[in-house]
Amino acid sequence: MLKACLRSFSSSVPKLSAHGACARKTVRTIQNLYEQKIPISVVTAWDAITANIADEAQIDTVLVGDSLAMVALGYEDTNALELEDMVHHVRAVNRGNRSSLLVADIPFGSFEESEAQAVRSAITLVKKGKAQAVKIEGGVEMAPTIKKIVQAGVPVMGHIGLAPQKHNTLGGFRLQGNTLQSAVKIVEDCKAIEEAGVFAMVIECVPNKLAKLVTDSVSVPTIGIGAGNAVSGQVLVTADILGMEDKKPAKFVKQYMHFHGQAKLALENYNDEVKSGAYPDPNHHGYKMNSEVLNKVKEYLSQQDITNSE
Ligand SMILES: Nc1nc(=O)c2c([nH]1)NC[C@@H]1CN(c3ccc(C(=O)N[C@@H](CCC(=O)O)C(=O)O)cc3)CN21
Ligand SMILES: CC(C)C(=O)C(=O)O
Ligand SMILES: [Mg+2]
């Protein structure tokens with residue numbers, strides 16, 4: 001951990017706290033990276049084991065994304081996820097990661113009714129989940145809500161372009177901003193949420209040049225996913241980076257490994273060895289018993305009536 005802290009000290013990010021551990025990154029760290037024009041790395045994680053890998057890899061921000069509904073929980077979209085589900089997962093991520101800024105998606109249905117509902121949900125994610133910030137999908141229409149959450153003391157990351165929670169309205173998970181009208185709307189959305197006080201914004205599935213236009217016209221970091229590299233940072237779902245799903249990924253996904261295929265081979269191998277008795281082999285038998293104790297146990301049992309005959 002210490003070594004990891006020092007290794008990236010040149011980027012002036014991780015600091016050592018009084019007890020020697022890496023201090024957790026904050027929204028200020030993200031602001032500093034942006035000012036220094038250092039690209040910001042964000043991954044989505046939903047559990048302690050994945051969050052810990054992100055920690056050791058020195059990822060700047062871990063987003064507990066509602067994509068967990070589609071990938072980890074097997075739903076068709078992100079809309080079934082409840083606020084309590086999100087709290088549960090943020091807590092797990094928190095336990096597995098000590099260094100990244102932790103941001104939680106506000107689930108569909110827990111913020112749209114009123115500003116009060118949205119503030120309450122954001123505060124729940126901070127209070128019960130220990131999230132440091134929340135992410136909320138929406139543009140102009142969400143700006144007053146975002147303002148309220150920020151005023152309540154919860155930093156907000158915006159989310160513009162493809163808003164997966166609105167896939168029923170959009171007609172699928174599709175590229176956004178490729179017409180005059182929708183491109184202008186996206187720029188207006190970005191300006192509105194910037195004005196409302198977001199500390200950063202995700203820009204999803206828009207043409208590279210539109211993402212650049214937005215990035216050049218706002219003064220907070222833009223975190224792209226399917227938005228090219230003229231943005232301030234990138235976000236991907238860790239399961240996509242690792243190739244955990246056995247399906248064709250979205251165009252913007254780079255699979256840095258093919259976990260699914262390798263994991264399948266490993267389990268097939270295990271299955272075969274259990275069936276054949278090859279596992280456990282002598283190297284994995286483990287626990288030996290003291291022969292004197294064993295003999296005493298046998299002797300004891302032979303003297304007892306161990307049938308259930310009361
Ligand atoms: N595993 C996973 N990764 C994600 O990035 C992700 C999720 N799940 N779930 C929530 C949202 C949904 N997202 C998605 C889902 C599908 C496409 C997709 O299939 N896009 C098409 C583009 C189609 C077009 O050209 O309009 C593609 O082929 O890339 C994109 C983003 C991004 N998020
Ligand atoms: C893909 C990212 C931006 C997200 O919102 C999620 O993982 O839910
Ligand atoms: Mg999401």
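Note: hydrogens, waters and symmetry copies are ignored here, and every other heavy atom, side chains too, is used. Positions are given from 1, in the same order as the sequence printed here. Counting convention: from 1, in listed order, for ligands and their atoms alike.
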| Minimal non-hydrogen separation, Asp47 against Val93, with atom names | N-CG2, 3.6 Å

| message | Going by salt bridge (Lys or Arg N to Asp or Glu O under 4.0 Å), name the residues that satisfy it together with Asp216, two or more places apart in sequence or in a different chain. | response | Lys212

| note | Note on the Mg ion (ligand 3): protein N/O/S atoms within less than 2.8 Å are Asp66 OD1, Asp105 OD2

| request: Could you check atom 6 (C) of ligand 2 against the protein and tell me its nearest heavy-atom contact, residue, atom and distance included? | output: Ser67 OG, 3.4 Å

| note | When distances are taken from atom 28 (O) of ligand 1, the protein heavy atom at minimum range is Lys251 N, 4.0 Å

| From CE (Met244) to NE2 (His260), nearest 0.5 Å | 10.0 Å

| field | Protein heavy atom at shortest distance from atom 6 (C) of ligand 1 | value | Val237 CG2, 4.2 Å

| Among all protein non-hydrogen atoms, which one is nearest to atom 8 (N) of ligand 1, and what is the separation to 0.1 Å? | Val71 CG2, 3.8 Å

| Is Asp60 salt-bridged to Lys25, cutoff N-O under 4.0 Å? | yes

| field | 4.0 Å heavy-atom contact, Pro164 with ligand 1 | value | yes

| request: Distance to 0.1 Å, residue and atom name: give those for the protein heavy atom nearest to atom 30 (C) of ligand 1. | output: Phe252 CE2, 3.7 Å

| query | Atoms of ligand 2 less than 4.0 Å from Ile225 heavy atoms? | reply | 1 (C)

| Using a heavy-atom cut-off of under 4.0 Å, does the side chain or the backbone of Leu162 touch ligand 1, or both, or neither? | side chain

| said: Could you report the tightest heavy-atom contact between Leu210 and Gly177, atom names first, then the distance? | reply: CD2-O, 3.6 Å

| task | Do me a favour and list the nearest non-hydrogen protein atom to atom 7 (C) of ligand 1 with residue, atom name and distance? | result | Ser67 CB, 3.8 Å

| How long is the span from the CG atom in Leu73 to the CG atom in Asp66, to the nearest 0.5 Å? | 10.5 Å

| field | For Met86 against Leu125, the heavy-atom pair lying closest together | value | CG-CD2, 3.5 Å

| remark: Rounded to the nearest 0.5 Å, the CD1 atom of Ile136 sits from the CG atom of Asp105 at a distance of 10.0 Å

| request: For Ala80, enumerate each residue passing the side-chain contact (heavy atoms from CB on, under 4.5 Å) test, keeping only those at least two apart in sequence or located in another chain. | output: Tyr75

| remark: Any heavy atom of Asp66 under 4.0 Å from ligand 2? The part involved is both

| query | In the protein, which heavy atom is nearest to atom 24 (C) of ligand 1, and how far is it? | reply | Leu175 N, 3.7 Å

| task | Kindly compute the distance separating CD1 (Ile193) from OG1 (Thr145), expressed to the nearest 0.5 Å. | result | 12.0 Å

| query | If you measure from each non-hydrogen atom of Asp105 to ligand 2, which part falls under 4.0 Å: side chain, backbone, both or neither? | reply | side chain

| field | Proximal ligand 2 atoms for Lys135, defined as those under 4.0 Å from one of its heavy atoms | value | 4 (C), 5 (O)

| said: Regarding Glu292 and Lys298, does a basic nitrogen lie under 4.0 Å from an acidic carboxylate oxygen? | reply: no

| field | atom 1 (N) of ligand 1 - nearest protein heavy atom and its distance | value | Asp240 OD1, 3.0 Å

| request: Looking only at non-hydrogen atoms, find the nearest pair between Ser99 and Asp55 and report the distance. | output: OG-OD1, 2.8 Å

| said: Residue-level breakdown please: for Ile225 versus ligand 1, do any non-hydrogen atoms fall below 4.0 Å on the side chain, on the backbone, on both, or on neither? | reply: side chain

| request: Just jot down the side-chain contact (heavy atoms from CB on, under 4.5 Å) partners of Glu273, sequence neighbours excluded, or say none. | output: Asn269, Ala278, Tyr279

| field | From the candidates Gln165, Met70, Gln176, Glu204, the one that places a heavy atom nearest atom 33 (N) of ligand 1 | value | Glu204

| field | CD on Gln176 to CG on Leu162, rounded to 0.5 Å | value | 5.5 Å

| message | Distance under 4.0 Å to a non-hydrogen atom of Gly65: what atoms of ligand 2 satisfy this? | response | 6 (C), 7 (O), 8 (O)

| request: Determine whether the side chain, the backbone, both or neither of Leu63 has a heavy atom under 4.0 Å from any heavy atom of ligand 2. | output: side chain

| query | Do Glu194 and Lys191 meet the salt-bridge criterion of a basic N to acidic O distance under 4.0 Å? | reply | yes

| query | Going by the order shown, which atoms of ligand 1 are within less than 4.0 Å of some heavy atom of Ala250? | reply | 17 (C), 18 (C), 29 (O), 30 (C)

| message | To check your reading of the model: name the closest protein heavy atom to atom 12 (C) of ligand 1, its residue, and the distance in Å. | response | Phe173 CD2, 3.8 Å

| query | Which heavy-atom pair separates Thr215 from Ser232 by the least distance, and what is that distance? | reply | CG2-OG, 3.9 Å

| request: Answer yes or no for Glu245: is there a heavy-atom contact with ligand 1 below 4.0 Å? | output: yes

| If you count the atoms of ligand 1 from 1 in the order shown, which ones are under 4.0 Å from a heavy atom of Arg174? | 26 (O)

| Glu137 side chain to Ile160 backbone, donor-acceptor under 3.5 Å | no

